[in-house]
Amino acid sequence: MVEFAGIGPGPFACMMLADMGADVVTLDRVGAKKSMKSVAGRGRKLIELDLKDRGAIAEVLDLLASADALIEGFRPGVMERLGLGPDVVLARNPKLVYGRMTGWGQEGPLANAAGHDINYISITGALAAIGTKEAPVPPLNLVGDFGGGALYLVVGVLAALLEAQKSGKGQVVDAAMCDGAASLMSFFFDMTTIGRWTEERNQNFLDGGAHFYGVYECACGHFISIGSIEPQFYALLRERAGLTDADFDAQMDRKAWPALKEKLKAVFKSKTREDWCRIMEGTDICFAPVLTMSEATQHPHMVARNVFIERHGVKQPAPAPRFSRTPSAVREPEAAEITAVTKAWKR
């Protein structure tokens, strides 16, 4: 696979593909230099070049002639102006899968406008549904860039590669973050249709409105999370937290939620996070401590599963998902391997 260097979801998608065994070559600007400490940049070979040099463009086309896939994250029209648009590239290599990662997509009124994750999820209904009663709260850039962007790009590219094996024909994969983020909202559109979801924040069972599904502060200032939705899990929560008050019988009464939430706040504030972990962790309450990134790397479950690894002195998430026969791994191209690719490029 050939990656045109960018930021955000494109590199993240290529990281996942490289972790799963793809041979990815990244084309970057002259002087970029590969950072071995980069998490999203791991597992790839790097070639530096000037895309404004017509000679370099001819060499890129030669490289793409034998590639399985291309991934780029420029604004619509940039690759075409460089002479590397789908029509040109697919004419040289009809079986190539041409992956395009953008925020707004390849066409539409906003296609050529600048934007970031927060904007792409704003027009999908996602951002309006996340936050406090007073205002939406950006959920980092997990929903647009990485969930709705990178992951949909990976799925699309892999699906197109499978299809190309049968048809012998490649195609363009238009992965837009606004498309993917909208797709991620499918469950909530379902819930709205059947009357189980309202568009007001903090009024629903998954958005912090319900007392049995949320985050609570402990006596130590740290937080814990509970998700006791099912009746049997809720009953266990009541048992372990000592919630004998009959008011807690009204689990699914929306009108009772605010008062019950206040009562639970007082209960959880009476003990430390460590205390609550001893009482609830590992049970069917659906409980977990709210950990920082550095704390997460030390949690016994994460340690037991080797969820985090250390690479070049940098602690980072290990490859996911896991395969039984062909395990994912962070592959570090050897210096000789990079040199060989560079020499082949120059030839």
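Atoms considered below: every heavy atom in the structure, side chains included; atoms not considered: hydrogens, waters and symmetry mates.
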Linking I/L/V/M/F/W/Y whenever their side-chain heavy atoms sit closer than 4.5 Å, directly or via other members, would Val97 and Leu90 fall into one cluster?
-> no
List the atom of Ala150, the atom of Ala13, and the distance in Å for their closest heavy-atom pair.
-> O-CB, 3.8 Å
Phe287 with Phe233, same ILVMFWY side-chain cluster at under 4.5 Å | no
Donor-acceptor pair, Arg201 side chain versus Ala129 backbone, under 3.5 Å?
-> no
Can you tell if the side chain of Ile47 reaches within under 4.5 Å of the side chain of Val25, non-hydrogen atoms only?
-> yes
When Trp276 is tested against each of Ile226, Val267, Ile285 for side-chain contact (heavy atoms from CB on, under 4.5 Å), which residue passes?
-> Val267
Does His222 reach the side chain of Thr272, with side-chain heavy atoms less than 4.5 Å apart?
-> no
What about the rings of Phe205 and His211, do their centers lie closer together than 6.0 Å?
-> no
Distance-only side-chain donor-acceptor flag, His301 / Glu281, under 3.5 Å | no
Approximate separation, where rounding is to 0.5 Å, of Ile224 CD1 and Tyr216 OH | 8.0 Å
Linking I/L/V/M/F/W/Y whenever any side-chain heavy atoms sit under 4.5 Å apart, do Met177 and Leu127 land together?
-> no
Residues Pro321 and Ser328: closest non-hydrogen pair is O-OG, 3.5 Å
Look at the side chain of Glu48 and the backbone N and O of Asp28, then say whether any donor-acceptor pair between them is shorter than 3.5 Å.
-> no
So does Arg29 pair up with Asp50, basic N to acidic O under 4.0 Å?
-> no
Report the distance from atom CG of Leu153 to atom CE of Met16, rounding to the nearest 0.5 Å.
-> 10.5 Å
Crowding at NZ, Lys133 (>12 non-hydrogen neighbours, <6.0 Å) | no
Taking every non-hydrogen atom, the tightest pair across Asn93 and Ser66 | ND2-N, 4.1 Å
Are the side chain of Glu107 and the backbone of Pro76 linked by a donor-acceptor contact shorter than 3.5 Å?
-> no
Hey, does the side chain of Asn119 reach the backbone of His116 with a donor-acceptor pair shorter than 3.5 angstrom?
-> yes
Phe212 vs Trp257 aromatic rings, parallel, tilted or perpendicular, using cut-offs 30° and 60°?
-> perpendicular
Less than 4.0 Å between a side-chain N and a carboxylate O, is that true for Asp249 and Arg238?
-> yes
Answer yes or no: are there more than 12 heavy-atom neighbours, outside Ile194 itself, under 6.0 Å from its atom CD1?
-> yes
Do the side chain of Lys52 and the main chain of Leu82 share a donor and acceptor less than 3.5 angstrom apart?
-> no
To the nearest 0.5 angstrom, please state how far the CD atom of Glu230 sits from the CG atom of Leu236.
-> 12.0 Å
Going by heavy atoms in the side chains, are Tyr213 and Ser228 under 4.5 Å from each other?
-> no
Taking atom CG of Asp117 and atom SG of Cys178, what is their separation to the nearest 0.5 Å?
-> 11.5 Å
With side chains defined as the heavy atoms from C-beta onward, is the minimum distance between Met79 and Phe4 less than 4.5 Å?
-> yes
Roughly how far, to the nearest 0.5 Å, is CG of Leu64 from CE of Met1?
-> 13.0 Å
Determine whether Phe248 and Leu237 make a side-chain contact, defined as any pair of heavy atoms from C-beta on separated by less than 4.5 Å.
-> no
Lys/Arg N to Asp/Glu carboxylate O, Asp19 vs Arg331, below 4.0 Å | no
Output yes when a side-chain donor or acceptor of Arg254 lies under 3.5 Å from a complementary backbone atom of Gln203, and no otherwise.
-> yes
Salt bridge (Lys or Arg N to Asp or Glu O under 4.0 Å) contacts in which one or both residues fall within residues 170-198, not counting sequence neighbours | none
Provide the closest heavy-atom pair for Arg311 versus Lys37 in the form atom of the first, atom of the second, distance.
-> NH1-C, 4.2 Å
Answer whether the closest heavy-atom distance between the side chains of Met20 and Phe323 falls below 4.5 Å.
-> yes
If you group Ile, Leu, Val, Met, Phe, Trp and Tyr by side-chain heavy-atom gaps below 4.5 Å, do Leu17 and Leu27 land in one group?
-> no
Residues passing the side chain to side chain contact (heavy atoms under 4.5 Å, CB included) test with Val307, sequence neighbours excluded, are Met302, Arg305, Arg322
Pair Lys95 + Asp68, salt bridge at N-O below 4.0 Å = no
Ignoring hydrogens and angles, tell me if any N or O in the side chain of Asp245 forms a donor-acceptor pair with the backbone of Asp247 under 3.5 Å.
-> yes
Residue pair Leu264, Leu260: steps toward the side chain to side chain contact (heavy atoms under 4.5 Å, CB included) verdict | CA-CA 6 Å; Leu264 259 187; Leu260 293 177; over 6 Å; no
Step-by-step side chain to side chain contact (heavy atoms under 4.5 Å, CB included) determination, Asp87 to Glu80 | CA-CA 9 Å; Asp87 291 348; Glu80 284 80 355; over 6 Å; no
Closest heavy-atom pair, Gly99 versus Val157, reported as atoms and distance to 0.1 Å, is CA-CG2, 4.3 Å
Glu199 CD: over 12 foreign heavy atoms closer than 6.0 Å | no
Closest heavy-atom pair, Arg240 versus Ile279, reported as atoms and distance to 0.1 Å, is NH1-O, 2.6 Å
Side chain of Glu200, backbone of Thr198: donor and acceptor closer than 3.5 Å?
-> no
Looking at side-chain heavy atoms only, is the closest gap between Leu184 and Tyr152 below 4.5 Å?
-> yes
Glu163 versus Gln171: any side-chain heavy-atom pair under 4.5 Å?
-> yes
Does one hydrophobic cluster hold both Val155 and Tyr120, with members joined at side-chain heavy-atom distances below 4.5 Å?
-> no
Pairs meeting criterion salt bridge (Lys or Arg N to Asp or Glu O under 4.0 Å) with involvement of residues 284-303, two or more places apart = Arg273-Glu295
Would you check, one step at a time, whether the test side chain to side chain contact (heavy atoms under 4.5 Å, CB included) holds for Phe146 with Asn141?
-> CA-CA 7 Å; Phe146 302 118; Asn141 56 333; 3.3 Å; yes
Backbone N or O of Ala288 within a donor-acceptor pair of the Ser225 side chain at under 3.5 Å?
-> yes
Is the closest side-chain donor-acceptor distance between Glu3 and Thr26 under 3.5 Å?
-> yes
More than 12 heavy atoms from other groups under 6.0 Å of NE2 on His312 = yes
Flag the pair Arg92 and Asp62 as a salt bridge only when some basic side-chain nitrogen lies within less than 4.0 angstrom of an acidic carboxylate oxygen.
-> yes
So with a 6.0 Å cut-off around CD of Glu274, is the heavy-atom count from everything else above 12?
-> no
Identify whether the distance between the nearest side-chain nitrogen and carboxylate oxygen of Glu217 and Lys265 falls below 4.0 Å.
-> no
Would a distance-only check, ignoring hydrogens and angles, find a side-chain to backbone donor-acceptor pair under 3.5 Å from Trp104 to Ala113?
-> yes
Nearest 0.5 Å please: distance from the CZ atom of Phe74 over to the CG atom of Leu84.
-> 9.0 Å
